[in-house]
Amino acid sequence: MPETAHHQPHQAAHDGGTGCIDVLAPPPGTDPEDCLYVALHLQGEASLRRDGASTALEPGDLLIGTTPYPTGLLSEPGFHMARFRVPCFYLGVRHGDVRRTGGLLARGDQGIGSLASQVLRTLASELRSRNARPGHHLARSVSDIVAILVTELLERVDPDHPTAAAGILARIRDHIEDNLADPDLSPESIARSQHISVRYLHKLFQPDGTTVGQWVRGRRLDACRRELERPSRRQTSVSAVAHRWGFVSHSHFSRAFRETYGVSPREWQAYAAHADARQQAS
């Protein structure tokens with residue numbers, strides 16, 4: 001179900017007219033509109049109406065969608081929420097996946113939703129008291145927690161993954177994560193490790209619109225991106241980082257990195273260094 005903005009007449013007044021808190025700025029080469037919005041219920045009475053049913057919200061609950069104002073949100077005077085915006089680039093999820101669900105609800109007292117709720121509440125309180133943006137490393141930590149939460153919620157509502165297949169796919173992804181640095185990691189070796197056929201392995205990835213090879217490459221690129229932005233790796237060559245994560249060809253790695261992130265590995269390394277320098281100077 002496509003998500004549409006649902007505006008409450010008194011909403012702007014209760015968020016102080018400050019709009020969303022930008023957890024991280026979109027990196028160069030990405031669409032600034034390709035973001036997810038996270039609304040944290042702070043106080044007051046509110047409910048979420050979808051598919052003819054109404055769900056009462058409690059303080060701490062999180063609403064995640066593709067517009068600043070959650071779809072189907074009904075609130076009473078005195079309701080207050082904090083709104084955050086995070087580029088999909090940092091979450092590892094697709095804008096369209098969340099849009100098709102009509103938005104996601106995470107209870108603030110359950111599982112990873114509880115952790116995300118506490119972290120975002122603390123972040124909102126500190127930023128508004130200091131009137132400043134979060135530090136780069138703190139912001140990345142927050143976005144990682146939100147990424148885990150969104151991925152978990154999407155897997156929960158995705159009807160294309162039967163329970164058995166989802167369990168096998170989860171084990172396969174764990175195996176890939178544990179062996180990303182192995183240059184010999186391949187569909188054949190992955191299938192052997194799980195005692196399944198290569199054909200069935202590819203079938204498991206089809207509902208996500210990807211292949212196992214594309215998944216492996218994406219996870220390797222993400223690992224390289226994270227390592228290149230670490231201050232401790234600033235003196236490490238791009239080639240060394242690429243080789244560490246299973247890329248045999250430097251030219252192939254550089255081309256894939258630019259195609260995925262819109263910047264070269266060296267440009268990304270420089271961007272991260274500049275962000276750290278700005279943070280240290282502030």
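Remember, predicted model here, so these are calculated numbers, not experimental data.
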Salt bridge (Lys or Arg N to Asp or Glu O under 4.0 Å) contacts in which one or both residues fall within residues 185-197, not counting sequence neighbours: none
Heavy-atom check, side chain of Leu201 versus side chain of Gln194, under 4.5 Å: no
Stepwise side-chain contact (heavy atoms from CB on, under 4.5 Å) test for Leu73 and Phe79: CA-CA 11 Å; Leu73 177 64; Phe79 170 73; 4.0 Å; yes
Close side-chain approach of Phe257 to Val263, heavy-atom, < 4.5 Å: yes
Thr211 side chain reached by Phe205 side chain, heavy atoms, under 4.5 Å: no
Heavy-atom side-chain proximity of Phe247 to Val241 below 4.5 angstrom: no
Smallest separation among heavy atoms of Arg49 and Ser54, with atom names: NH1-CB, 3.8 Å
4.5 Å side-chain heavy-atom contact, Glu45 and Ser75: no
Pairing residues for Val38 by the side chain to side chain contact (heavy atoms under 4.5 Å, CB included) criterion, not counting sequence neighbours: Leu62, Ile64, Phe84, Leu120, Val146
Chi angles and distances behind the ring pair (Phe, Tyr, Trp, His ring centres under 6.0 Å) call for His243, Phe253: CA-CA 9 Å; His243 182 73; Phe253 165 68; over 10 Å; no
For Ala270, all residues meeting side chain to side chain contact (heavy atoms under 4.5 Å, CB included), sequence neighbours excluded: none
Pair Ser251-Ser249, side-chain donor/acceptor within less than 3.5 Å: yes
Cluster check Val198, Ile172: I/L/V/M/F/W/Y, side chain < 4.5 angstrom: no
Exercise: identify the closest heavy-atom pair between Ser143 and Leu24: OG-CD1, 3.7 Å
Exam field: side chain Thr260 to backbone Ala256, donor-acceptor pair closer than 3.5 Å: yes
Could you give the side-chain donor-acceptor pairs of residues 104-111 under 3.5 Å, partners two or more places apart or in another chain?
residue	atom	partner	partner atom	Å
Arg107	NH1	Ala56	O	3.1
Arg107	NH1	Asp61	OD2	2.5
Arg107	NH2	Ala56	O	3.2

Nearest heavy-atom neighbours spanning Arg50 and Gly102: NH2-O, 3.2 Å
Side-chain ion pair, Glu177 and Arg173, N-O less than 4.0 Å: no
Partners passing side chain to side chain contact (heavy atoms under 4.5 Å, CB included) against Gln43 (at least two apart in sequence or in another chain): His80
Pairwise side-chain contact, Val23 with Arg85, heavy-atom cut-off 4.5 Å (strictly under): no
Cluster overlap Tyr37 with Ile145, hydrophobic side-chain contacts below 4.5 Å: no
Sidechain N-carboxylate O distance under 4.0 Å for Arg225, Asp222: yes
Closest heavy-atom pair and its distance - Ser117, Gly60: OG-O, 2.8 Å
All side chain to side chain contact (heavy atoms under 4.5 Å, CB included) counterparts of Asp34, not counting sequence neighbours: Asp31, Cys88, His95
Side chain to side chain donor-acceptor pair (under 3.5 Å) assessment of Gln118 paired with Thr122: CA-CA 6 Å; Gln118 293 175 40; Thr122 301; over 6 Å; no
Glu33, CD atom: more than 12 neighbouring heavy atoms under 6.0 Å: no
4.5 Å side-chain heavy-atom contact, Lys203 and Gln206: yes
Criterion salt bridge (charged side-chain N to carboxylate O under 4.0 Å, His left out) on Asp144 and Arg226, from CA distance to verdict: CA-CA 12 Å; Asp144 286 345; Arg226 289 173 179 271; 3.1 Å; yes
Distance in Å, Ile176 CD1 paired with Asp182 CG, rounded so as to fall on 0.5 Å steps: 12.0 Å
Beyond-backbone contact of Ile190 with Val216, side-chain heavy atoms, under 4.5 angstrom: yes
Nearest-0.5 Å distance that lies between atom CG in Asn179 and atom OG in Ser193: 7.5 Å
Intermediate values then yes/no, side-chain contact (heavy atoms from CB on, under 4.5 Å), Leu63 and His41: CA-CA 8 Å; Leu63 300 174; His41 180 190; over 6 Å; no
Closest non-hydrogen atom pair, Met81 against Ala39: SD-CB, 3.6 Å
For Pro26 against Tyr271, the heavy-atom pair lying closest together: O-OH, 4.2 Å
